[in-house]
Student: 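One structure, pasted below without further comment.
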Amino acid sequence: MKQMLFRAVLLASLAALPAPAVAQAQDPAQWAGLHYRQVGPWRGGRVTAVAGVPSQPDTFYMGTTGGGVWKSTDSGNSWTNTSDGQIGVASMGAVAVADSNPNIVYAGSGSSKIRSNVSIGRGIWKSVDGAKTWVFIGLRDVGQISTIRINPTNPDEVFVASTGNPFAYGKDRGVYRTRDGGKTWAKVLFINETLGAADLEMASDDPKTLYAAMWHGIRRPWTITSGSKDGGLYKSVDGGDTWTKLAGGLPDGLFGRANIGVSAAAPNRLYALIEAKPGAGLYRSEDRGLSWNLVNGDGKLTTRPFYYTTLGVDPNNADLVFVGNEDWFRSTDGGKSFKDEPTPHGDNHDVWINPKNSKLIVQANDGGANVSRDGGHTWSVQSNQPTAEIYQVAVDNQFPYRIYGAQQDNSTLILPSQPLGNGQAFMEGPGCETGPIIPKIDDPQMVWAGCKGQFSRLDLRTNRNEQQYWIGSESLYGANPKDLRFRFQRVAPLQVSPVEPNTVYYGSQHVHRSKDGGVNWEVISPDLTANPPEGRMASGDPITIDATGEEVYSTVYAIRESAVQPGVIWAGSNDGLIHVTRDGGKTWNNVTPKGLPPGGRVQNIDPGVRAAGTAYVAYHRYLLGDFAPYAYRTDDFGKKWTRITTGIAADEPVRVVREDPVRPGLLFAGTEFGMHVSFDRGAHWQSFQNDLPATPITDIRLAHGDLILSTQGRGFYILDNIDVLRQLPAPGTASSAPVLYKPVTAMRISPSADYGTDPKEGPEYRPPGAMIDYALPAGTATVTLAIVDASGTELRRFSSDSPAARAGRGYRWRPVWQTKLDATPGMHRLIWDLHRGNDRGPLVPPGDYAVVMTAGSVTTRQPLTVVADPRVLASGVTNADLEAQYQHNLRVGKLAADTSAAATRLRAALKDTTDPAKLATLNRIAARLLTPPVRYSPPGLDTHVRYLASQTADFDGPVGNQPTERFGELRTAIDAIVKELDAALGPVKG
């Protein structure tokens, strides 16, 4: 029920992102109990907006570019997401707190640091309770919000700067104002459809005096345009009613992105960091913008200005200035000179300095947000922010399976799906931030990877001996694509053949193939791109060249080979074409769907899992300003295509479509804002968000019965065991009776296993055990689940009337296995920990069991198979060993129960007996059976029995002769004790 509410709130918060009105194919209550768990990495991703609270020195906010809004109340030692389930978009451009009321917080969506993978904004939200709850307050279509400024004495007067849609010009660019806390908005500064507001500042001593930086910034698939002759700085002295363009020494040629700095220590002084041609650099005015001087024209201050142009001025010392781009610079002389200083991560985007204490600083970069309490000399860590932007995901075949992907501006990653017992939550793999990274099919110790068009491979058994085999051996950086022999895009596609373990594919404008694991390469296709003339240029105009390979256009962007029919290879380009070969690359056919708008990116291709002629394509046109969803299916090798987007919002781009390998017709789609599912091959879609945060879905894999996701801002997620979806009845035939789903095979994990860390502090791992799924109709009073073995003996019982489980104690974190069943309507999941009797009973051995559910008057039964951990079997332990250990533990458990019963009986008799002779007899028995309550007293039989029980309860393996022999001794001793008690007290009745 909680997840259903989560989904409802999430969809409502999208405001103007409603799905077309179609009947849902399935009731989402049937999968409401499925849970997306975040498996890392726990290291920060890109943050472009930060803020603090002057009156609360330990409180800070960060707006991430794909993970929503986060809050820290302990100076960055920990961060908590505040927007999940409330704000339906993940990209944040600005966060601001009202000086007059720290409970009032505004969050503007859409990062204005517009990389090609930037996610669109969808308006502004407001909180009046310190970010506990958020309300949408408008500006849905203004695109990227760069700045929010609040009147320091009136929190209802707010100014918002918008750079606009990063991929299209429009009338929504400019500066907006509200004077009623966001109920209504007025656009107070608009120059033309090409100029957006890159920054906005308010004079420290007069909220009616405003300064705005107007910027011509837009991305195309082949370039980033930053600057124009009509850009510049503007000033208002009447609260935004009228504006005047500033001059007086400012650049008067091409004017690019700019950031303005003010300080309460010198209200008349202004700083402006300006991209320009000519005249780029840091400018200063001492007369509120009437006249300006270039105080520092060092090019290091204006590196990649479209992405950085970060400027901060100390509110208590107008000579202390910070500038951020790839590096972090400090000036103590008003900008005349700068010193390079370290931050936890490069690529710096924002800074906030507490006006009550300048030593308190929060700073944003591509690695997250970090807080300083000493003026920027030391910083808090970024390993407490699970906000990584991941480009793609791959999965291997070992147990536990590993997840592979590349993190933006960091490294490639290899993460375990479950704990490994070595404390390693992730490791870095070969390649670099762009990836891809894919394991060898038959040997996951061999990993192939890419790095901006460079291929490498790494045998993990070596000491990082990463072998490099770069196709063409040409550098992408600074290159004009038309001059390259092979046009490799920064995120060039790498794919491994699903049928030939040593065959690897890589994409430039051609498809390249290696049959020896990447050492030697051949070209197996002609140019498979449209290669329009407008895309043949080095990126970056008209001021700053920015040719990093990110905008290399007319390249192959997706490659997949069919597992059904080897030699069928699909290729899609980032300028709109789809090709297929059916003979391993000898001949290629252009099968681009007719009527498909030209120029978009073939983001992902998924070959059919049942028929070689089937394929699914996600086609992305948002880099052209078109946010419509494009997804297609073909069943005849591309001769005909069907668009499959009904049920997805009209402005929700689709990034990936994957076909389920088990249930025909079951598809999954990842979009710019979340997850969708279809049960009819894409004819209709419906939300599959559950408790997944709003975040762009970059890739999907279906493996090991799970759904594995990569996201652009929240790392990797796993939806464990989607078998419920595979067992649902056909649409429209759902039963109103209780349903017990057939459980998937359960893996028996050693009771001494590593369970990982608290999910609040690291990756979330699934508690091991048998996943038992059931669904209940409304009106179900009680429900029970009983586990029985092959002989019909009941091993464990769970009920909706049972008490709720409580967290255990210990030196290591342990998950809580729920014991109280949920009887509310909808689907629920119980994980049985495989212990018999209770959570302290013996772990059952591999074998066949059954689950029996009784809900009201309906009883249903499903088989359950338990298998041994393959790692345990590989160590030499056998199933027979585990069965023998189980039987031994049962015997020891009976011994422990008998011992406990005897001890309880004896203590009661000692308390009640007054006969001296009888009391003497009982004391002689107690001297042998009971351990004195004084610490480190000589152990009695009760302690020896507990000690024996603990010896074989927490590992998997042969029992050995010592515990077996000791059991015999203790069994004899306890039996003798019981006989003596019977003689002294009489036999136990019943």
Side-chain angles (χ1 to χ4, degrees), residues 93-94 96-101 104 106 108 110 112 121 123-124 126 137-164 169-217 228 230-248 250 255 257-264 267-272 274 283 285-292:
V97 182
D99 288 345
S100 57
N101 185 345
I104 296 178
Y106 292 88
S112 70
I124 187 168
K126 178 181 179 180
I137 58 170
L139 301 184
R140 192 262 183 194
D141 295 317
V142 303
Q144 313 308 91
I145 293 177
S146 64
T147 316
I148 299 172
R149 293 291 176 254
I150 307 170
N151 186 321
T153 62
N154 177 10
D156 286 338
E157 184 174 66
V158 183
F159 294 86
V160 170
S162 164
T163 60
Y169 299 123
K171 296 180 180 179
D172 294 312
R173 298 178 172 223
V175 176
Y176 294 80
R177 179 185 67 201
T178 180
R179 286 178 168 160
D180 54 16
K183 295 178 183 177
T184 59
W185 293 89
K187 183 161 56 176
V188 295
L189 177 58
F190 173 76
I191 308 300
N192 57 52
E193 293 189 6
T194 68
L195 292 178
D199 191 29
L200 178 69
E201 295 296 339
M202 183 179 289
S204 60
D205 60 346
D206 179 14
K208 289 186 177 181
T209 299
L210 304 165
Y211 307 95
M214 301 303 288
W215 173 50
H216 179 170
S228 62
D230 54 356
L233 303 185
Y234 287 75
K235 178 180 179 180
S236 174
V237 295
D238 54 11
D241 290 339
T242 60
W243 296 79
T244 301
K245 188 174 184 179
L246 300 178
L250 291 173
F255 195 104
R257 183 161 195 156
N259 198 328
I260 305 163
V262 299
S263 171
N268 291 332
R269 180 183 293 185
L270 298 178
Y271 291 92
I274 302 172
Y283 288 75
S285 170
E286 301 292 349
D287 53 13
R288 294 183 182 250
L290 294 179
S291 61
W292 297 82

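Keep in mind the model is a prediction, meaning the values are calculated, not measured. This chain uses plain numbering: 1 for the first residue, then up along the sequence.
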Student: Please lay out, stage by stage, how I191 and Y234 fare under the test side chain to side chain contact (heavy atoms under 4.5 Å, CB included).
Tutor: CA-CA 10 Å; I191 308 300; Y234 287 75; 3.7 Å; yes
Student: With a 3.5 Å distance limit and no angle check, can you tell me whether R257 reaches the backbone of W215 through a side-chain donor-acceptor pair?
Tutor: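 Not confirmed, R257 side chain does not pair with W215 backbone.
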Student: Between the side chains of S236 and R177, is a donor N or O closer than 3.5 angstrom to an acceptor N or O?
Tutor: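 Absent: no donor and acceptor within the cut-off.
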Student: Check whether any side-chain heavy atom of L246 sits under 4.5 Å from a side-chain heavy atom of W292, and report yes or no.
Tutor: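 SC-SC contact between L246 and W292 confirmed.
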Student: Kindly indicate whether the side chain of W243, heavy atoms from C-beta on, has any atom under 4.5 Å from the side chain of V188.
Tutor: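 In short, these two side chains touch, coming nearer than 4.5 Å.
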Student: Within the side chain of T178, is there an N or O that forms a donor-acceptor pair under 3.5 Å with the backbone of E157?
Tutor: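 It does not hold such a pair.
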Student: Set out, in order, the CA-CA distance, both residues' side-chain angles and the distance that settles side chain to side chain contact (heavy atoms under 4.5 Å, CB included) for I124 and W185, then state yes or no.
Tutor: CA-CA 11 Å; I124 187 168; W185 293 89; 3.9 Å; yes
Student: Ignoring hydrogens, what is the shortest heavy-atom contact between S162 and Y176? Give both atom names and the distance.
Tutor: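 Between these two residues, the closest heavy atoms are CB-CE1, 4.3 Å.
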Student: Quick one: does V158's side chain get under 4.5 Å of I148's, heavy atoms only?
Tutor: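 A side-chain contact exists here, since the closest heavy-atom pair is under 4.5 Å.
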Student: Mind listing the closest non-hydrogen atom pair of A258 and D199 along with its distance?
Tutor: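 Looking at all heavy atoms of both residues, the closest pair is O-CB, 3.8 Å.
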Student: About how many Å separate CG of N268 and CD of E286, when rounded to the nearest 0.5 Å?
Tutor: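 Rounded to the nearest 0.5 Å, the CD-CG separation comes to 8.0 Å.
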Student: Could I get the full list of side chain to side chain donor-acceptor pair (under 3.5 Å) partners for S263, not counting sequence neighbours?
Tutor: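 Partners of S263 under the side chain to side chain donor-acceptor pair (under 3.5 Å) test: none.
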Student: Applying side chain to side chain contact (heavy atoms under 4.5 Å, CB included) to I104 and V97, what does each step give before you reach the verdict?
Tutor: CA-CA 6 Å; I104 296 178; V97 182; over 6 Å; no
Student: Nearest 0.5 angstrom please: M214 CE to T163 OG1, how far?
Tutor: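 If I round to the nearest 0.5 Å, the distance is 10.0 Å.
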Student: Do R288 and P267 have side-chain heavy atoms sitting under 4.5 Å apart?
Tutor: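 Yes. Closest side-chain heavy atoms under 4.5 Å.
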Student: Any heavy-atom pair between the side chains of H216 and Y169 that's under 4.5 Å?
Tutor: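 Yes; the side chains approach each other to less than 4.5 Å.
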Student: Write down the atom of M202, the atom of P152, and the distance for their closest heavy-atom approach.
Tutor: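 Looking at all heavy atoms of both residues, the closest pair is SD-CD, 3.7 Å.
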Student: Looking at every heavy atom in both A212 and L189, which two are closest together, and how far apart are they?
Tutor: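 So the two residues come closest at CB-CD2, 3.8 Å.
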Student: Is it true that K245 and D230 make a salt bridge, defined as a side-chain N closer than 4.0 Å to a carboxylate O?
Tutor: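 Looking at K245 and D230, the cut-off is not met.
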Student: So, the side chain of S112 versus the backbone of A198: is there a donor-acceptor pair under 3.5 Å, distance only?
Tutor: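 Not at all, since once roles are kept as given, no pair shorter than 3.5 Å links the two residues.
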Student: Say you draw a straight line from CG of N101 to OG1 of T153; how long is it, rounded to the nearest 0.5 Å?
Tutor: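 Nearest 0.5 Å value for the CG-OG1 distance: 12.5 Å.
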Student: Check whether more than 12 heavy atoms from other residues, nucleotides or ligands sit under 6.0 Å from atom NZ of K171, and answer yes or no.
Tutor: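 No.
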Student: Indicate yes or no: at least one non-hydrogen side-chain atom of V142 is less than 4.5 angstrom from one of V160.
Tutor: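 Sidechains of V160 and V142: no contact.
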Student: Locate the shortest heavy-atom distance separating Y271 from R269; write the atom from each residue and the value.
Tutor: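 That would be OH-NH1, 2.9 Å.
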Student: Nearest 0.5 Å, please: how far is NZ in K235 from CD in E201?
Tutor: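 Atom-to-atom, E201:CD and K235:NZ are 14.0 Å apart.
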Student: How long is the straight-line distance from CG of L200 back to CD1 of I260, given to the nearest 0.5 Å?
Tutor: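 The CD1 atom of I260 sits 7.5 Å away from the CG atom of L200.
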Student: Could you tell me the separation between the CG atom of D241 and the CG atom of D238, rounded to the nearest 0.5 Å?
Tutor: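 Going from CG on D241 over to CG on D238, the span is 4.5 Å.
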Student: Of the non-hydrogen atoms in A98 and P155, which two are nearest, and what is the gap between them?
Tutor: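 Heavy-atom minimum between the residues: CB-CB, 3.8 Å.
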Student: Tell me whether D172 is salt-bridged to R140, with the criterion being a basic N under 4.0 Å from an acidic carboxylate O.
Tutor: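 Here D172 does not pair with R140 in a salt bridge, since their nearest N and O are not under 4.0 Å apart.
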Student: With heavy-atom distances below 4.5 Å as the criterion, would you say the side chains of L233 and Y283 are in contact?
Tutor: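 In short, these two side chains do not touch, never coming nearer than 4.5 Å.
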